[in-house]
Amino acid sequence: MSNKIAISKMRNIGIIAHIDAGKTTVTERILFYTGRSHKLGEVHDGEAVMDWMTDEQERGITITSAVTTCHWKDHEIHVIDTPGHVDFTIEVERSLRVLDGAIGVFCAVGGVQPQSETVWRQADKYHVPKIAFVNKMDRIGADFFGTVKELKENLGAKPILLQIPVGAEDTFKGVIDLLDMEQITWDDNSQGSSFQRGPISDDLADEAREYLEKLVEDVAEFDDELMEIYLEGGEVPRDMLIQAIRKATIESGAVPVLCGSALRNLGVQPLLDAIVAYLPSPKEVPPAKGVHPETKEEIICGTSEKDPLAALIFKVSMPEGRKLCFARIYSGKLIAGQDVYNPTLGRKEKPTRILAIHANKRERIEQAGAGNIVGIVGMKDSSTGDTLCTMEKPVMLERIETYEPVISIAVEPKTHSDQDKLASVLEKLMAEDPTFKVREDEETGQTIISGMGELHLEILVSRMQREFNTQVNVGKPQVVYRETIGKKATGIGIFDREVAGANHFARVDIRLEPLSRGAGNTFRVAPSVSAIPEHLIPLVEKGVMEAFGSGVVMGYPVLDVGATLVGGEYREGAGTELAFRVAASMAVNEALLAGECSLLEPILDLEIIAPEANTGEVIGDINSRGGKIEAIESSIGVGIIKAVAPLSKMFGYSTDLRSATQGRGTFTMKFSHFDKA
């Protein structure tokens with residue numbers, strides 16, 4: 001299948017945006033016009049191809065990133081539709097990590113919304129070239145130029161307008177293509193499949209010339225040769241302009257901007273043309289970098305099938321309980337049935353089948369080469385963030401960052417048969433989602449699941465019931481706290497006993513001191529310590545870090561504490577590894593008890609958008625929850641309130657905000673930091 005396509009004709013792109021900007025609808029249209037699906041699926045009818053999970057269809061939101069392949073003008077495009085909801089940020093993060101380009105979809109009415117800002121910054125972090133598509137041009141309040149202005153001001157983007165709209169709101173009927181100086185009009189009765197290109201109507205001709213001039217001027221900033229022609233007042237050839245836009249997009253972060261209304265099938269074909277014309281092939285992005293698993297020296301991976309294999313598993317899913325790994329192949333090729341090496345685990349795996357993916361349908365292929373995104377069946381232990389390579393040329397690609405969960409609930413099986421299934425179901429869900437954690441509470445014996453937010457956990461519980469047919473009772477949401485110390489303290493740990501017929505002895509003196517918020521935990525050895533042999537120091541550190549895993553107030557992990565090894569004693573013949581690890585742990589616990597430990601709670605960053613008439617009420621409510629208002633901005637008719645608030649006071653906030661704003665307020669919240677409870 002993909003062997004026929006040259007790597008220069010491949011595009012790996014993601015569609016990123018705020019919740020409800022129309023990402024999935026844009027993706028559905030792309031599939032329809034490239035002939036991948038034969039009927040238009042609508043998100044609001046629960047029929048979108050890419051939202052194939054029942055929960056996605058019911059809620060009308062995307063939860064997992066879906067992968068699909070389609071073809072346009074002899075190019076092969078791999079598309080990933082990512083979630084817009086902040087609880088599923090990890091899905092966006094790990095998709096962007098393996099993509100070469102992205103389409104930011106913006107709502108022409110809402111402009112640049114909080115979550116579109118988050119995903120845009122994530123794309124910036126991985127230096128992913130982007131195109132912007134201003135969607136919903138037919139909606140009341142649509143403002144194309146206002147949205148472009150926000151792209152500049154809020155996102156620091158360098159927009160290059162390739163089109164301007166013809167009309168807006170209910171009079172929106174097409175676009176002007178500035179590069180060809182033509183007006184594109186879609187036929188109402190052809191589901192957008194047929195459209196006409198024709199001369200620009202007289203009333204828009206002057207505006208179009210003005211914006212073409214601006215387009216050339218904007219592109220000239222990135223291209224010296226073009227700048228010269230422009231300054232001399234010469235005519236810039238169209239091909240040269242396209243090449244310059246492509247170069248500026250890939251190398252300098254310029255953002256070509258297009259517009260349309262995906263729901264009304266307007267503007268999608270020019271977007272496909274732009275993907276092919278301006279977003280990079282796998283060969284045009286910087287090659288993947290990794291390190292040698294043993295020597296840690298940097299390795300730069302090639303980009304052809306002849307190079308040694310390097311592939312990254314960026315997602316694991318469990319359809320029908322079987323493990324399916326999604327991988328991006330950066331170099332070399334993957335062949336079904338041929339062993340690969342996983343350096344993270346230090347062992348071999350055998351991909352029994354390789355699949356070309358279309359949302360939840362799959363097609364078997366024998367092999368896949370560099371640049372491809374494929375599904376792999378048969379991987380026993382590999383998980384998200386693992387690299388696949390060859391034994392002879394091992395390489396470890398940079399892992400995918402994950403986030404720490406901040407909210408927990410207790411779950412218990414409803415019946416005896418559910419009890420048998422629960423552990424394996426939770427294991428499968430953890431394999432799929434690195435931000436989902438499960439632990440057993442030692443005191444109560446309850447199973448505690450933790451995630452990124454209320455919606456995240458709600459959906460996981462719903463999936464247990466639906467996909468895995470496991471019924472559970474759910475407790476109230478609990479906050480995941482941390483602990484820290486309030487002052488310097490020293491603890492002494494002495495381990496002196498006989499274990500399995502041998503004497504074990506160690507004495508370890510540890511000093512703990514509070515560090516600033518967000519500093520994490522550190523370990524160092526005081527220069528004066530000489531009594532403990534060098535080879536035992538790592539075991540002391542291990543004992544210290546293990547003790548930090550569970551504090552003395554309520555057993556939560558300890559945070560922002562500096563530990564220093566200040567003394568100890570070693571006895572020849574009895575100074576074992578076990579003794580030093582346990583003694584270090586005992587010393588830390590003693591110091592924590594003396595160091596006035598207290599709880600830290602998760603603090604959230606909030607951004608609330610509410611009608612101006614209700615902002616007073618919203619602010620009062622945040623204050624009553626112990627929150628702190630950091631900024632208030634106003635946009636057309638709405639107030640934008642930025643605040644921080646403790647997670648413990650924010651449960652059920654969406655219901656309260658809806659009633660305070662007659663259902664017109666929206667908000668996003670994400671974890672910011674831990675602070676004193």
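Heads up: numbering here begins at 1 and tracks the sequence.
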Tell me if a side-chain donor or acceptor on [X] pairs with a main-chain N or O of [Y] at a distance below 3.5 Å.
{"X": "Thr470", "Y": "Asp418", "value": "no"}
{"X": "Ser516", "Y": "Ala519", "value": "no"}
{"X": "Glu349", "Y": "Lys380", "value": "yes"}
{"X": "Glu76", "Y": "Thr69", "value": "no"}
{"X": "Lys350", "Y": "Lys348", "value": "no"}
{"X": "Ser331", "Y": "Ala370", "value": "no"}
{"X": "Thr352", "Y": "Val377", "value": "yes"}

If you draw a 6.0 Å radius around NZ in Lys542, do more than 12 non-hydrogen atoms from other residues or ligands fall strictly inside?
no
Quick one: pull up [atom1] in [X] and [atom2] in [Y] and give me the separation to the nearest 0.5 Å.
{"X": "Glu366", "Y": "Leu334", "atom1": "CD", "atom2": "CG", "value": "11.5 Å"}
{"X": "Leu312", "Y": "Phe326", "atom1": "CG", "atom2": "CZ", "value": "14.0 Å"}
{"X": "Cys70", "Y": "Ile77", "atom1": "SG", "atom2": "CD1", "value": "5.0 Å"}
{"X": "Asp339", "Y": "Arg347", "atom1": "CG", "atom2": "CZ", "value": "13.0 Å"}
{"X": "Leu309", "Y": "Met391", "atom1": "CG", "atom2": "CE", "value": "13.5 Å"}
{"X": "Thr484", "Y": "Tyr556", "atom1": "OG1", "atom2": "OH", "value": "15.5 Å"}

Applying side chain to side chain contact (heavy atoms under 4.5 Å, CB included), run through Phe314 and Ile373 and close with a yes or a no.
CA-CA 10 Å; Phe314 66 95; Ile373 292 177; 3.9 Å; yes
Tell me, please, which residues at least two apart from Arg517 pass side chain to side chain donor-acceptor pair (under 3.5 Å).
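With neighbours one apart ignored, the set is Asp560.
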Qualifying residue, where the test is salt bridge (Lys or Arg N to Asp or Glu O under 4.0 Å) with Asp100 and the options are Arg11, Lys283, Arg328
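Testing each of Arg11, Lys283, Arg328 against Asp100, the sole residue satisfying salt bridge (Lys or Arg N to Asp or Glu O under 4.0 Å) is Arg328.
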Residues 367-379 vs salt bridge (charged side-chain N to carboxylate O under 4.0 Å, His left out), sequence neighbours excluded, gives none
All pairs passing salt bridge (charged side-chain N to carboxylate O under 4.0 Å, His left out) where residues 293-303 contributes a residue, at least two apart:
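Passing the test, one end in residues 293-303: no pairs.
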Heavy atoms, side chains only, cut-off 4.5 Å: are [X] and [Y] in contact?
{"X": "Asp381", "Y": "Asn342", "answer": "no"}
{"X": "Val540", "Y": "Val525", "answer": "no"}
{"X": "Val508", "Y": "Phe495", "answer": "no"}
{"X": "Asn12", "Y": "Pro282", "answer": "yes"}
{"X": "Val474", "Y": "Glu458", "answer": "no"}
{"X": "Ile275", "Y": "Val79", "answer": "no"}
{"X": "Thr387", "Y": "Pro343", "answer": "yes"}
{"X": "Ser281", "Y": "Lys9", "answer": "no"}

Measure across [X] and [Y] and return the closest heavy-atom pair with its distance rounded to 0.1 Å.
{"X": "Val558", "Y": "Gly551", "answer": "CG2-CA, 3.6 Å"}
{"X": "Ile485", "Y": "Cys597", "answer": "CG2-SG, 3.5 Å"}
{"X": "Lys289", "Y": "Leu397", "answer": "O-CD2, 3.7 Å"}
{"X": "Gly575", "Y": "Tyr570", "answer": "O-CE1, 3.5 Å"}
{"X": "Ile409", "Y": "Gly475", "answer": "CG2-O, 3.7 Å"}
{"X": "Val395", "Y": "Cys301", "answer": "CG2-SG, 4.4 Å"}

Kindly write out the residues that satisfy side-chain contact (heavy atoms from CB on, under 4.5 Å) with Glu513, not counting sequence neighbours, or none if the list is empty.
Lys488, Arg511, Thr564
Any residue meeting salt bridge (Lys or Arg N to Asp or Glu O under 4.0 Å) with Arg353, in chain and number order, not counting sequence neighbours
none
From the list Asn372, Leu355, Ile354, side-chain contact (heavy atoms from CB on, under 4.5 Å) with Ile365 holds only for Ile354
Determine, stepwise, if the pair Asp307 / Tyr330 fulfils side chain to side chain contact (heavy atoms under 4.5 Å, CB included).
CA-CA 10 Å; Asp307 293 302; Tyr330 285 101; over 6 Å; no
Quick one: do Leu422 and Met464 satisfy side chain to side chain contact (heavy atoms under 4.5 Å, CB included)? Show the steps, please.
CA-CA 8 Å; Leu422 186 63; Met464 280 179 217; 4.2 Å; yes
Show your reasoning for whether side chain to side chain contact (heavy atoms under 4.5 Å, CB included) applies to Ile449 and Val461.
CA-CA 10 Å; Ile449 62 173; Val461 170; 4.2 Å; yes
Would you tabulate the side-chain donor-acceptor contacts of residues 576-589 under 3.5 Å, counting partners in other chains and residues two or more places apart, or write 'none'?
residue : atom : partner : partner atom : Å
Thr576  : OG1  : His504  : ND1          : 2.7
Thr576  : OG1  : Ala579  : N            : 3.2
Arg581  : NE   : Glu546  : OE1          : 3.3

